[in-house]
Amino acid sequence: MQNWKIFKQGVIEELPLQIGVFPFGVIYGIMAIESGLTPIQAFLMSSIIFGGASQIAFVQLVSNGIPTGAILTTVSAINSRHFLYGISMLDYLKNLPLRWRFILSYLLTDEAYAISIRKFINEPKELFLHFHLLGTGLTLFISWQISTLTGVLLGGNLPEFLELQLIIPLTFIAILIPMINSLSTVCVVITSGFSALYLKNLQLDYWIIISGIIGIIVGVITSKLDKKDDLG
Amino acid sequence: MIWVNIILCGIITFLIRFIPLSGIMPRELPLKIKNTFKYIPLAVLTPIIFNGLSIFENNQYFIFENFKLYSALIAVFVALITNNIFATISLGMLSFLIMNNV
């Protein structure tokens, strides 16, 4: 059963990331309750939206009385990077039945993508790649629901010194460092990172997307240098 | 009203993820576009890292006593040496807790 073997591989590879995801979900749950959402709203949002950063933004905006249009725009902007994930996986998933693409679309989040795309790139001829994404996505989904519920039940009772929000950048560092293997990827990290700092300071709603696009453009331009200066 | 917002955000988020895989998009994309794909995860996730480290806020750089930044640099070092996600997150977090409480 090669398909379930690959599913299991996805689950196992996704599990270490839960050390970063779980506190994130707990933070969201706590923030949602403190922002005035009911426990049912806070919990079900994690399966209706299923997007950590956008959910935290959502509860912050709701607690400040921001109108629906602005909330929708902000959540769309934060999650629009998932559109790019879908495009980058299109080659590997395009021949699947619609029901599969429907399910995998729902599960296509940062941490599932980050783990599965490495498998997709390294083994493009593997027939059951979609089971890998199913494994990473379901693992993340279950972890996210449990951690959200934990946060909802805890309320605001965690000690502040833990600085759980630091786990978010640490998680992404762990994911991205192995991908930095050429001069162009170094340029992408520097330009997207520093442009994000600058653009966010200008209070642009779309700072993540604009800085990401800047990084991609720089990556494409500098990719011509990679043949001579490949670090990998 | 909160329920309406949650459901609308859920629908929009799903569509953002589904449209690229739905078949609406061209099934064969040009090579140049494909070559840009490898930069997408780095380009969209790096801003989240930089933002999470509070390096530049209110028009001021915050470097010298920024323990989050130092912890992140330690995490980068651990990731380079071990290529292990668990070790990277654990040692990064541990170093922050030590620096912040000494």
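Within every chain, numbering begins at 1; the chains are lettered A, B, ... in the order of the sequence lines, protein sequences first and strands thereafter.
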Residue among B/Asn84, B/Leu21, B/Thr13 with most heavy-atom pairs under 4.5 Å to chain A: B/Leu21

Top of B/Asn51, B/Leu53, B/Thr88 for chain A proximity - count of heavy-atom pairs under 4.5 angstrom: B/Asn51

Taking every non-hydrogen pair under 4.5 Å, which of [options] racks up the most with chain B?
options: A/Ser88, A/Ser54, A/Ser195; result: A/Ser88
options: A/Ala114, A/Gly86, A/Ala196, A/Gly215; result: A/Gly86
options: A/Ile190, A/Ile214, A/Val189; result: A/Val189
options: A/Ile217, A/Leu84, A/Ile117; result: A/Leu84

Do [X] and [Y] make a side-chain contact, defined as non-hydrogen atoms from C-beta onward lying under 4.5 Å apart?
X: B/Ser90; Y: A/Ile19; answer: yes
X: A/Leu90; Y: B/Pro20; answer: no
X: B/Phe18; Y: A/Leu98; answer: yes
X: B/Arg17; Y: A/Leu107; answer: no
X: B/Ile6; Y: A/Leu44; answer: no
X: B/Leu42; Y: A/Ser192; answer: no
X: B/Ile2; Y: A/Val62; answer: yes
X: A/Val75; Y: B/Ile12; answer: no

State, to 0.1 Å, how close [X] and [Y] come at their nearest heavy-atom pair, and which atoms those are.
X: A/Asn79; Y: B/Ile16; value: O-CG2, 3.3 Å
X: B/Ala75; Y: A/Leu170; value: CB-CD2, 3.6 Å
X: A/Pro178; Y: B/Asn83; value: CG-OD1, 3.0 Å
X: A/Ile49; Y: B/Cys9; value: CD1-CB, 3.6 Å
X: B/Ile89; Y: A/Ala174; value: CG1-CB, 4.4 Å

Region of B/Asn5 in contact with chain A, defined by heavy-atom distances below 4.5 Å: both

Segment of B/Ser22 engaging chain A (4.5 angstrom heavy-atom cut-off): backbone

With a 4.5 angstrom heavy-atom cut-off, is it the side chain or the backbone of [X] that approaches chain B, or both, or neither?
X: A/Leu197; value: both
X: A/Val188; value: side chain
X: A/Ile115; value: side chain
X: A/Ile177; value: side chain

Residues which pass ring-ring contact (aromatic ring centres under 6.0 Å, His included) with B/Phe77, listed by chain and number, not counting sequence neighbours: none

Distance-only donor-acceptor check, side chains B/Tyr39 and A/Ser184, under 3.5 Å: yes

Residue pairs, two or more places apart or on separate chains, that pass ring-ring contact (aromatic ring centres under 6.0 Å, His included) and touch residues 183-203 of chain A: A/Phe194-B/Phe50

Matching residue for B/Phe14 among A/Phe102, A/Phe50, A/Phe83 - test: ring-ring contact (aromatic ring centres under 6.0 Å, His included): A/Phe102

From CD1 (B/Ile19) to NE2 (A/His82), nearest 0.5 Å: 14.5 Å

